[in-house]
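Chain letters run A, B, ... following the sequence lines, proteins first and then strands; every chain starts at 1.
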Amino acid sequence: SSESETSNGKGTDGNSLKIGVVLMSLNSEYWKLNMAGAKKAAEDLGVDIEILGPSEETLYEEQVKMVEDLVSSKINGLVVAASLPEAMSPALQNAHSANIPVVLVDANVNEFDERVTFIGTENYNAAFKGGEFISDQLDNGDKVLIVRGQMGAKVHDERTKGFQDALKDKKIKFTVQDAQSDRVKAVNIVENVLTAEPDIKAVFATSDEMALGSFKGLENKGGTKIPLIGFDGTPDGLQAVTEGKMVANIAQDPYQMGYLGVESAYKAIKGEVVKKRIDSGSEIYTKENVDERIKMINEYLNK
Amino acid sequence: MLLELKNVSKAFSGVQVLDDINIGIKKGEVHVLLGENGAGKSTIIKIITGAYKMDSGEIKWKDRHLQVNKPSDAIEVGIGTIYQELNLIPHLSIMENIFLGHEKKKRRKFSLLDRPAMNKEAKRLMERLGQNVNPNELVKNLGVGQQQLVEIAKALSLNCELIIMDEPTSSLSEREAEQLLQTIERLKQQGMTIIYISHRLEEIKRISDRITVLRDGKKIRTVDTDKTTIDEMISLMVGRSLENKFPKVEFEKGKEVLSVKNLKITPDSPGINFSAYQGEILGIAGLVGAGRTELARAIFGADPVHSGEIIVLGKKHRIRNPLDAIKAGLAFITENRKEEGLFLDQPLVFNKTIARLNKVKKNGLINTQKQKEIANNYVKDLSVRPNNIHLFARYLSGGNQQKVVIAKWLFTDAQVFIFDEPTRGIDVGAKVEVYRLMNQLVENGAGVIVISSELPEILGISDRILVMNEGQITADLDRSEANQEVIMKAATGG
Amino acid sequence: MKQTEVVPQQEDIVMKKNRTKIDFKYIANKFGALFGLILLSIVLAIMSPSFLKVDNLMNIARQSSINALLSIGMLLPILTAGIDLSVGSILAISIVITGVVTVIWGMPPIIGIFVCLLIGAMAGLLNGLLLTKLKLPHPFISTLGTMNVYRGLALIITGASPIFGFSYLINFAGQANVGAIPISFILVIFVCVIFHIFLTRTATGRYIYAIGGNKEAARLSGIPVDRVLIIVYTLSGLMAALGGLVLIGRTNAASPIAGLTYELDAIAAVIIGGASFFGGIGTVWGTLIGAMIIAVLRNGLNLLGTSTDIQTVVIGIVIILAVYVDVLRRRSKN
Amino acid sequence: MKQTEVVPQQEDIVMKKNRTKIDFKYIANKFGALFGLILLSIVLAIMSPSFLKVDNLMNIARQSSINALLSIGMLLPILTAGIDLSVGSILAISIVITGVVTVIWGMPPIIGIFVCLLIGAMAGLLNGLLLTKLKLPHPFISTLGTMNVYRGLALIITGASPIFGFSYLINFAGQANVGAIPISFILVIFVCVIFHIFLTRTATGRYIYAIGGNKEAARLSGIPVDRVLIIVYTLSGLMAALGGLVLIGRTNAASPIAGLTYELDAIAAVIIGGASFFGGIGTVWGTLIGAMIIAVLRNGLNLLGTSTDIQTVVIGIVIILAVYVDVLRRRSKN
Ligand SMILES: Nc1ncnc2c1ncn2[C@@H]1O[C@H](COP(=O)(O)OP(=O)(O)OP(=O)(O)O)[C@@H](O)[C@H]1O
Ligand SMILES: Nc1ncnc2c1ncn2[C@@H]1O[C@H](COP(=O)(O)OP(=O)(O)OP(=O)(O)O)[C@@H](O)[C@H]1O
Ligand SMILES: [Mg+2]
Ligand SMILES: [Mg+2]
């Protein structure tokens with residue numbers, strides 16, 4: 001541990017600093033935006049950065065290994081987005097005892113009090129906003145289809161729950177189907193559910209990948225009039241809002257999350273004070289406000 | 001010369017299997033390769049057909065250098081082969097098997113298959129071999145004998161100039177073998193050249209023109225058949241003369257070791273009754289498909305039976321599976337050693353002890369040292385070649401594989417041994433060793449039952465002979481009253 | 001066998017009996033999986049009024065088509081006693097490259113379609129070459145390897161983001177209908193006919209069965225085993241790419257994570273369709289029915305609003321049952 | 001064979017020559033995968049200074065252990081020419097039930113551990129019974145079925161949410177260390193020794209090889225094939241549950257989606273470790289080394305900061321290479 005202390009000391013000349021980032025996966029637009037933010041922050045701050053993430057969000061143990069591996073290679077700070085937060089806490093504890101400051105993004109790990117900060121929007125709250133948004137367009141007892149990601153994956157649980165809870169008063173009859181974040185499965189599910197229940201009044205998909213699939217399903221069933229809400233605010237998802245395919249897209253700000261994550265870790269290394277909780281914000285994008293957001297994202301991604 | 005091998009050598013993992021072999025095959029002759037198990041006969045064949053690559057040497061075809069890199073090369077120049085192991089595709093039809101690799105097509109190379117033409121031709125070929133079958137029948141539904149004939153039809157369909165047959169009669173009954181020999185004689189008259197391998201010396205004498213004898217991978221001599229005798233063939237082959245091909249020893253007939261009572265395989269099959277005694281070898285004769293294997297499998301619990309009683313040494317046993325049978329004291333040496341007897345990718349020591357691992361246990365664990373000792377002893381006793389207990393069974397010649405299967409069963413300390421075609425594909429010397437083994441078993445008080453399609457063998461070694469036909473025992477003959485005619489009559493139901 | 005051409009002869013009687021028996025078996029064999037499909041459909045029709053609606057049947061036709069195409073491709077390796085685990089990844093790499101070529105580089109759609117199929121075939125060809133030239137012992141491991149390689153490449157090529165905005169022509173196969181009937185299903189039927197003829201009426205087709213039945217015997221019969229295997233894996237890759245083309249049309253996007261775990265569905269369809277895992281046995285029509293059974297099941301469970309975890313359990317049970325029914329049928333035949 | 005015990009006899013010469021060679025082969029066979037592991041380690045040590053740190057080696061030991069346990073379990077079905085696709089799901093169902101029993105019902109941890117292993121064994125037993133009693137043709141399909149069934153049940157039982165808050169004793173195997181060495185790795189070594197003895201020195205162990213080599217010959221040799229297969233799948237399930245126990249300790253959580261795709265890593269480890277996909281060939285030590293190779297590779301690529309896409313490609317290539325090296329080695333022996 002004396003070793004990490006010296007490297008902490010050396011940290012004053014920003015060049016030799018290295019920050020490790022472990023995300024839930026690197027294979028989606030959402031996480032790519034997060035990565036872009038993190039990279040930008042590293043560039044601005046002049047630190048080295050190493051970003052890892054398993055090939056699928058379900059592989060939570062793989063994430064634990066990545067944290068362990070980063071801890072044993074020479075990093076000065078750590079930014080983690082844990083897919084199964086509780087599972088991550090032993091590894092984070094490890095990092096902490098190796099004197100590595102840990103910043104949590106996107107998902108909080110409640111058991112890990114030693115975190116520098118948690119940066120994120122609660123998925124539950126964001127989805128709740130989505131529910132509120134559509135609430136006006138629904139009558140009591142209407143049917144709503146939720147196309148969700150892998151059962152047991154925490155983000156999708158929270159999004160599903162948040163959306164449902166927002167509509168609690170309306171006694172909505174929910175049909176929840178798991179499309180495992182797969183676009184084709186979402187198409188199939190929407191086609192099938194609409195065949196059995198043509199009176200579906202709204203569709204909510206817990207990720208843009210599935211929302212885009214859901215739109216195809218609606219299209220195939222002639223149901224493009226049915227309001228569709230996506231989640232993530234990925235470029236394609238936002239594009240679908242401008243084209244009127246989705247009425248709304250619930251977006252967190254992954255870019256901001258990534259940026260703030262690295263920045264906070266940097267501050268912690270330097271011994272600066274960081275707020276214990278940072279809200280990276282979430283927003284519902286509709287036709288009215290989406291264009292601005294698209295422009296911004298394109299800037300983020302250097303398009 | 002049609003085909004010439006010049007200075008052909010081949011080694012497997014450092015062991016010289018063929019050593020500077022020179023053989024010339026004349027057009028129109030039946031040329032026999034003769035030698036003990038493991039002498040290298042099949043290896044020569046596989047080199048000619050491109051299944052193996054030789055280490056050095058040359059093959060000449062019609063006095064020109066012939067390069068065979070793969071089996072289709074040999075097929076293309078006109079060499080058709082029936083390998084020692086059957087090489088048919090079980091789920092394809094007779095017709096498809098016959099034309100496999102050289103299908104008739106409607107037009108060009110890439111057009112659809114001409115099934116009607118192939119069907120007609122397949123039917124004709126099988127009829128030529130005395131078989132009236134539906135060419136669309138799947139090969140898996142045929143008996144071993146018929147499968148062998150499909151192989152021959154396949155070779156004939158190639159319109160080749162040379163047909164190689166590696167022990168084609170070893171899985172055939174007397175009658176089928178006779179049919180095949182007649183076919184060979186007919187082919188010879190038509191000018192076909194044939195390389196023929198067999199351990200049956202009588203048939204060699206009958207059909208061949210010249211014989212090349214091999215021993216331990218070396219060519220000993222090529223002789224003209226009409227200038228040699230069976231005894232000379234044997235002595236060339238084994239390097240010494242063999243006084244007695246059937247070393248029969250007479251023992252006192254003892255108590256009943258096995259009694260089968262009213263055994264029915266299906267509800268409406270006739271009940272089978274017979275007994276075997278200590279002090280005798282009980283032979284079971286019959287034509288292919290007579291139901292001998294079926295009976296043996298039923299007794300051994302390998303196939304389900306409908307009803308019946310099996311009594312071993314006076315004690316009634318309920319046998320539902322082979323394990324029950326082994327516990328009751330039975331051993332069954334099956335007719336298909338590769339499919340049902342051997343663990344090809346395991347060493348001899350494994351094959352030897354697997355059926356009775358309890359015998360090599362110490363403190364509850366297998367004692368590998370003891371296992372090796374035992375295996376070494378048996379390898380010596382049965383003169384398995386090469387005498388290496390760590391060699392995988394796959395790399396043994398057919399005859400030596402058979403010895404390994406027998407060794408496995410000797411190790412189980414069974415009381416009753418049922419041998420199904422035990423000498424199929426093994427050489428005269430080894431046969432005598434197997435017969436001696438049987439004698440020894442009888443001497444030790446075990447019951448020995450031998451199923452064989454070779455009449456001379458049955459007649460030579462049995463004390464008593466049962467004859468089967470269509471699933472029933474049609475005769476129970478004492479050694480003194482048995483001869484070929486009587487048996488054939490009972491076997492054909494005449 | 002109604003049109004006997006010749007006057008029956010005495011000895012033909014046994015033969016004819018056998019022949020009838022075989023044909024019966026043949027039909028029964030097909031009927032087996034079909035029977036399962038019909039049974040399943042009846043149950044679902046009773047449980048859900050929507051099931052038999054034309055509309056829904058077209059759903060099924062549409063939804064089964066991607067898996068059907070992959071399954072027909074998968075049938076070939078399985079017939080040779082092999083397997084192709086990389087089909088899902090081949091699908092992904094084929095479609096993302098199509099996306100790059102048409103959407104990003106702006107090449108004409110017809111070239112995109114050609115490239116898609118070409119990439120699929122090349123990826124399959126590589127599987128075949130690895131298997132035969134490196135003499136790998138079993139395609140399970142080589143295709144497990146390429147499954148990772150192709151997936152990784154698809155991710156690298158796209159930087160992990162899906163490509164969208166395909167032109168009508170590329171979407172055509174997966175999106176358009178003729179009347180109520182989806183083009184994709186017509187494509188499936190067409191492919192089935194072609195593959196049926198290929199497998200039953202051409203030499204190469206029969207060699208595939210021969211290799212699965214007994215590889216050594218096939219080799220000794222002069223069959224170019226390696227060449228046939230290479231063709232088999234190339235075709236399997238080609239079919240995966242064709243499935244990918246339908247997928248583009250269905251989703252209007254080419255995602256590098258498309259096709260994850262599709263190999264399992266394809267294998268399940270082939271086996272439910274009566275093919276043997278040990279090679280040598282299996283038909284195109286059985287495979288199609290296998291794919292239909294899976295699609296009908298998923299569709300029915302969606303219609304009934306079954307929760308996804310229960311769906312998972314039910315699908316597991318049906319896979320086992322389907323194979324068990326096949327076992328029973330075969331047993332009753334012997 | 002340096003310590004020849006007896007004076008060599010004439011006839012022994014050929015044999016001895018062979019014996020030396022075979023023993024060499026035997027060593028080389030083990031050495032094969034080990035050689036790959038060493039080579040890989042050298043490369044990684046050169047590329048990353050952190051690789052050889054004790055700390056990191058302990059990471060590897062810890063990280064390899066779950067896959068190692070599952071792989072040793074998987075070795076058994078593969079030795080019998082079978083496969084067990086359900087291990088990931090068995091792991092999941094075992095740990096969530098442990099969670100229910102200890103965390104929710106509050107039973108003592110020791111009962112939790114017992115229940116975990118019992119559920120794993122029972123799930124494996126069911127696989128074995130399905131295979132043997134229903135006489136299914138190949139375990140690929142039955143375990144594909146139960147893979148779905150067990151996963152679905154794990155989701156239903158937990159309502160799809162993970163369970164946390166396990167007591168120290170349950171976490172012990174996956175979390176604690178003796179000095180620097182993780183208990184989980186000690187457990188792996190212990191299990192390897194037990195399984196090595198089981199496979200090489202007990203009758204049932206030898207029967208497993210016999211069944212993989214030739215099932216019919218095994219049956220006719222009086223081997224109780226069905227019973228041995230049931231034991232095989234039960235043990236495979238048991239090892240999956242043991243792996244699950246380590247996973248609980250590592251993550252302090254029991255999630256119903258734990259173990260997704262673990263079966264592929266386990267199969268890869270067994271095959272990289274030199275086992276034959278056709279049964280009858282393979283060792284515990286080879287399998288362990290196979291699991292280590294995968295763990296070292298993942299660890300090293302993480303240390304080097306390689307992106308996941310490239311990791312995926314590299315792992316794919318290594319799987320193929322590992323098997324190819326094995327092929328070359330075997331070929332050079334003949
Ligand atoms: N692939 C192989 N690898 C190693 N050794 C082999 C291989 N094939 C054959 N042998 C060995 O070569 C020798 C010759 O075998 P071959 O099969 O040619 O004998 P054979 O004369 O045909 O005997 P049989 O009459 O028993 O059929 C035997 O000792 C055998 O063990
Ligand atoms: N696999 C099989 N499928 C169908 N019928 C079979 C099969 N095996 C044997 N039979 C039939 O069962 C009957 C008895 O055959 P079995 O093998 O017992 O005869 P065998 O006297 O031992 O002859 P062989 O010399 O061929 O071994 C025959 O009518 C045969 O055709
Ligand atoms: Mg031979
Ligand atoms: Mg027989």
In terms of ring plane angle, is the pair C/His138 and D/Phe277 parallel, tilted or perpendicular, where the classes change at 30° and 60°?
tilted
Where D/Pro256 and D/Thr158 come nearest, the two heavy atoms and their spacing
CG-OG1, 3.3 Å
Is chain C contacted by the side chain of D/Ile310, its backbone, both, or neither, given a heavy-atom distance below 4.5 Å?
both
In terms of heavy-atom pairs under 4.5 Å with chain C, the winner among D/Ile320, D/Leu155, D/Ile317 is D/Ile320
C/Ile163 and C/Val96 have their tightest heavy-atom pair at CD1-O, 3.6 Å
Determine the minimum heavy-atom distance between C/Tyr233 and C/Gly128, stating which atoms define it.
CB-N, 3.7 Å
Heavy atoms of D/Ile95 and D/Ala253 approach each other most closely as CD1-O, 4.5 Å
Does the side chain of D/Asn302 come under 3.5 Å of the side chain of D/Gln311 through a donor N or O and an acceptor N or O?
yes
Pairing donors with acceptors under 3.5 angstrom, does anything connect the side chains of D/Thr146 and D/Asn127?
yes
Taking heavy atoms only and a threshold strictly under 4.5 Å, list by residue number the residues of residues 70-86 of chain D that touch chain C; give 'none' if the list is empty.
D/Ile83
Side chain / backbone / both / neither for D/Leu130 at chain C, heavy atoms under 4.5 Å
side chain
Charged N-O contact under 4.0 Å between D/Arg298 and D/Asp265
yes
Bottom line for D/Phe278: the part with an atom under 4.5 Å from chain C's heavy atoms is side chain
